[in-house]
Amino acid sequence: MSFGTPKSDASKRNIAMTDQIRTLLTIERAAFVQQHGREPEPLDLVWSQPDGKHLDPSKDRKRWKDLLKAAGLPVVTLHSAKQSAARRMEEKDVPERLAAEILGHSNVTMTYRYQRGAGLENQRKALEQLDA
């Protein structure tokens, strides 16, 4: 199975995960084994359609919206979610290079674009630190 060429070298990477994510993926793996009667292959995707085919982008976006609605959250684009993650990492003082790696950016310039508009509260905090 081939998915085409990755957009950048940053697309080929290991991704760290929390214990909570590991637990949820373990549950997903067990569901895969139950549904397909076999362990997943290295290129099997985590989520797929009931018929085993992979989700196309439009169905992926619909599933994202359905999940947000089911959770009682406002519907936002995947791009907005990635931008929120970038801003949150900035608020938590995650180093830019590390944030870029987590987000899959090949350089921090793209990460800066996602973090733009840090907000008045962050600007106020930065100015207060200058006064200290």
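Numbers here simply count residues along the sequence, with the first being 1. What you see is a predicted model, and the numbers here were worked out from it, not measured in a lab.
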Can you confirm whether Glu101 sits close enough to Glu96 that some side-chain heavy atom of one is under 4.5 Å from a side-chain heavy atom of the other? no
Distance (rounded to the nearest 0.5 Å) between Tyr114 OH and Thr109 OG1: 13.5 Å
What verdict does the side-chain contact (heavy atoms from CB on, under 4.5 Å) test give for Arg97 and His105, after you've listed the backbone C-alpha separation in whole Å, the side-chain angles of each residue and the deciding distance to 0.1 Å? CA-CA 9 Å; Arg97 183 65 231 152; His105 298 153; over 6 Å; no
Option among Arg63, Lys62, Lys69 that satisfies the salt bridge (charged side-chain N to carboxylate O under 4.0 Å, His left out) test with Asp66: Lys62
Other than Leu78, what residues sit in its cluster of Ile, Leu, Val, Met, Phe, Trp and Tyr side chains whose heavy atoms are under 4.5 Å apart, directly or through others? Trp64, Leu68, Leu73, Val76
Counting neighbours of CD on Glu128 that are heavy atoms of other residues, nucleotides or ligands and sit closer than 6.0 Å, is the number greater than 12? yes
So does Arg88 have more than 12 non-hydrogen atoms from other groups sitting under 6.0 Å from CZ? no
Could you tell me whether the side chain of Arg38 reaches within less than 4.5 Å of the side chain of Phe32, counting heavy atoms only? yes
Decide whether Ser80 and Thr77 meet the rule of one side-chain donor and one side-chain acceptor closer than 3.5 Å. yes
Pairwise distance CD1(Ile27) to CZ(Arg22) - rounded to 0.5 angstrom: 13.5 Å
Evaluate the side-chain contact (heavy atoms from CB on, under 4.5 Å) criterion for residues Thr26 and Thr23: first the C-alpha distance (whole Å), next the side-chain angles of each, then the deciding distance (0.1 Å), finally the verdict. CA-CA 5 Å; Thr26 300; Thr23 299; 5.6 Å; no
Starting at OG1 of Thr111, measure out to NZ of Lys82 and round the result to the nearest 0.5 Å. 8.5 Å
dist Arg87:CZ -> Glu90:CD (nearest 0.5 Å) comes out at 8.5 Å
Taking every non-hydrogen atom, the tightest pair across Arg113 and Gln83: O-NE2, 4.2 Å
For the CD1 atom of Ile21 and the CG atom of Leu24, what is their distance to the nearest 0.5 Å? 7.5 Å
Shortest non-hydrogen contact from Ala86 to Leu103? CB-CD1, 3.6 Å
Count the heavy atoms belonging to other residues, nucleotides or ligands that lie under 6.0 Å from NZ of Lys65, then report whether that count exceeds 12. no
